[in-house]
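For reference, the structure discussed in these notes is given below.
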Amino acid sequence: MSNKKWSIPIQHSWNLSPKEAIALQHELQALVKVEALTQKVRYIAGADISFNKGDDTVYAGIVVLELPDLKEVARATLITKANFPYVPGLLSFRESPPLLEVWKKLPLKPDVLMLDGHGLAHNRRFGLACHFGLLTDCPTIGCAKKLFVGKHDVLGDTKGSIAYLHDKGEEIGAVLRTRDRVHPVYISVGYRVTLKNALDLALQCAPKYRIPIPTRQAHIVVNELRRANG
DNA sequence: GCGACAG
DNA sequence: ATCTTGTCGC
């Protein structure tokens with residue numbers, strides 16, 4: 001096979017000051033690829049992290065589900081320490097290191113990974129989903145519970161309603177209603193997917209709950225891990 | 001200058 | 001993110 005159309009996962013130092021992290025985001029942003037998925041998605045994963053109150057202990061987990069049933073087929077978890085504080089706009093520098101370790105332990109790599117946070121719907125167009133996609137070279141989707149940046153028109157109140165997110169003249173993502181009259185979720189491209197791919201998959205993964213199953217299941221798993229330990 | 005600010 | 005019980009609504 002010549003002409004590989006994929007790239008080598010990005011690697012860089014994590015021992016950075018907030019200022020250096022921002023400079024790195026600008027550098028890596030240029031490497032984010034937005035392209036349509038070519039294969040039908042069979043395995044979709046969700047990643048999440050949980051913390052203790054006055055502690056930097058991190059409980060991380062990734063679960064892999066098989067479409068269209070959304071049944072769990074693999075999982076990996078890890079308990080470690082956070083080495084970067086939570087700074088709005090720099091979430092990936094806090095969450096990526098633990099998630100990368102879990103990713104390595106995951107026995108089955110998914111076709112797409114959904115992250116609990118934004119992708120391009122970020123002030124520097126480089127949210128957690130973009131960063132983690134570059135780090136793993138896995139297609140990723142940003143699925144956040146709250147708006148970070150951007151504006152959108154009024155959203156219809158029925159399931160499936162979509163309103164696009166715009167910021168400084170750019171379309172950066174969308175607001176998606178996953179349940180009738182329930183607060184929506186914020187979907188954006190992370191890496192190697194289109195916004196349409198992301199929205200279609202998010203809806204496919206939300207047959208019943210507001211939070212798409214991949215992210216929801218990952219959240220449940222890490223919380224159980226924290227309860228059993230912490 | 002002031003307020004806002006993913007998880 | 002975390003700290004937390006009951007409660008309103010489909």
Side-chain angles (χ1 to χ4, degrees), chain A residues 14 18-19 21-22 25 28-29 32 46-62 77-100 102 113-133 135 140-152 157-159 165-168 172-191 195 198 202 206-212 214-230:
Chain A
W14 292 101
K19 192 173 182 178
I22 289 174
Q25 288 185 317
L28 300 182
Q29 203 306 305
V32 175
D48 193 29
I49 279 183
S50 182
F51 298 90
N52 280 325
K53 185 179 176 74
D55 191 2
D56 58 353
T57 298
V58 176
Y59 301 85
I62 297 180
T77 60
L78 175 78
I79 299 179
T80 181
K81 296 287 182 180
N83 297 306
F84 199 91
Y86 168 65
V87 179
L90 298 179
L91 178 66
S92 67
F93 290 88
R94 178 174 174 73
E95 303 206 342
S96 293
L99 289 180
L100 269 179
V102 180
L113 173 65
M114 188 177 283
L115 284 298
D116 191 6
H118 294 98
L120 291 177
H122 175 275
N123 51 354
R124 284 176 289 278
R125 308 292 180 266
F126 198 68
L128 172 64
C130 299
H131 201 158
F132 202 72
L135 294 168
T140 61
I141 295 170
C143 178
K145 298 180 290 298
K146 295 177 185 174
L147 178 63
F148 186 34
V149 295
K151 297 174 185 171
H152 63 85
D157 61 6
T158 57
K159 176 176 181 174
L165 259 179
H166 295 276
D167 183 47
K168 298 175 180 174
I172 60 175
V175 187
L176 173 67
R177 187 88 67 187
T178 51
R179 287 193 64 176
D180 288 354
R181 319 202 53 169
V182 168
H183 190 76
V185 291
Y186 301 82
I187 305 296
S188 61
V189 167
Y191 187 67
L195 181 54
K208 179 177 180 183
Y209 306 102
R210 174 174 91 104
I211 305 300
T215 293
R216 183 175 187 279
Q217 185 59 27
H219 191 269
I220 291 173
V221 168
V222 297
N223 275 323
E224 290 177 341
L225 181 67
R226 185 162 68 86
R227 272 184 42 202
N229 300 276

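Just so it is clear, the model here is predicted, and its values are computed rather than measured. Chain A is the first sequence line, chain B the second, and so forth, proteins listed ahead of strands; every chain is numbered from 1.
- Remark: the backbone N or O of N223(A) is not paired with any side-chain donor or acceptor of S50(A) at under 3.5 angstrom.
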_5'-to-3' dot-bracket of DNA chain C (Watson-Crick, G-U; under 3.5 angstrom; crossing pairs as [ ]; | other strand)_ = ..........
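- For dA6(B), one of the phosphate oxygens OP1 or OP2 lies less than 4.0 angstrom from a side-chain nitrogen or oxygen of Y86(A).
- Within the 4.0 angstrom heavy-atom criterion, base atoms lie near L90(A).
- Judged by distance alone, the side chains of R124(A) and Q25(A) do bring a donor and an acceptor atom under 3.5 Å apart.
- Atom pair D180(A):CG and dG9(C):C1' shows a separation of 13 Å (rounding to whole Å applied).
- Between the side chain of R125(A) and the main chain of I172(A), no donor-acceptor pair closer than 3.5 Å is present.
- Between R124(A) and dC5(B), a side-chain N or O to OP1/OP2 separation shorter than 4.0 Å is absent.
- Looking at Y59(A) and N52(A), their side chains do bring a donor and an acceptor atom within 3.5 Å of each other.
- Rounded to an integer number of Å, the gap from L147(A) CG to dA6(B) C1' is 9 Å.
- Whole-Å rounding puts the R181(A) CZ to dG9(C) P distance at 12 Å.
- Taking atom CZ of residue F132(A) and atom C1' of nucleotide dA6(B), one finds them 16 Å apart after rounding to whole Å.
- Distance F51(A) CZ to dC3(C) C1': 16 Å, rounded to the nearest Å.
- Within 4.0 Å (heavy atoms only), G89(A) reaches at least one base atom of the nucleic acid.
- Distance, L165(A) CG to dA6(B) C1': 12 Å, rounded to whole Å.
- Residue H122(A) places its side chain closer to dA6(B) than to any other of dG7(B), dC3(C), dA6(B).
- With rounding to whole Å, D157(A) atom CG is found 14 Å from dC10(C) atom C1'.
- Residue K146(A) contributes atom NZ, which lies 8 Å from atom C1' of dA6(B) at whole-angstrom precision.
- The backbone N or O of V87(A) lies less than 3.5 Å from no partner atom in the side chain of R94(A), so there is not a single donor-acceptor pair.
- Within the 4.0 Å cut-off from OP1 or OP2 of dT2(C), at least one side-chain nitrogen or oxygen of R226(A) is found.
- At least one side-chain nitrogen or oxygen of K145(A) sits closer than 4.0 Å to the OP1 or OP2 atom of dG7(B).
- In DNA chain B, consecutive stretches of 3 or more Watson-Crick or G-U wobble pairs with both distances under 3.5 Å do not occur.
- Between F93(A) and H131(A), a ring centre-to-centre spacing shorter than 6.0 Å is recorded.
- The shortest distance between the side-chain N/O atoms of N223(A) and the OP1/OP2 oxygens of dT2(C) is below 4.0 Å.
- Among all heavy-atom pairs drawn from A21(A) and F84(A), the shortest one is CB-CZ, 4.3 Å.
- A salt bridge does not link R216(A) to D48(A): none of the charged nitrogens lies less than 4.0 Å from a carboxylate oxygen.
- Salt-bridge annotation for D56(A) and K81(A): present, with a side-chain N of the basic residue lying under 4.0 Å from a carboxylate O of the acidic one.
- Put simply, the side chain of T140(A) gets close to the backbone of A129(A): a donor and an acceptor are under 3.5 Å apart.
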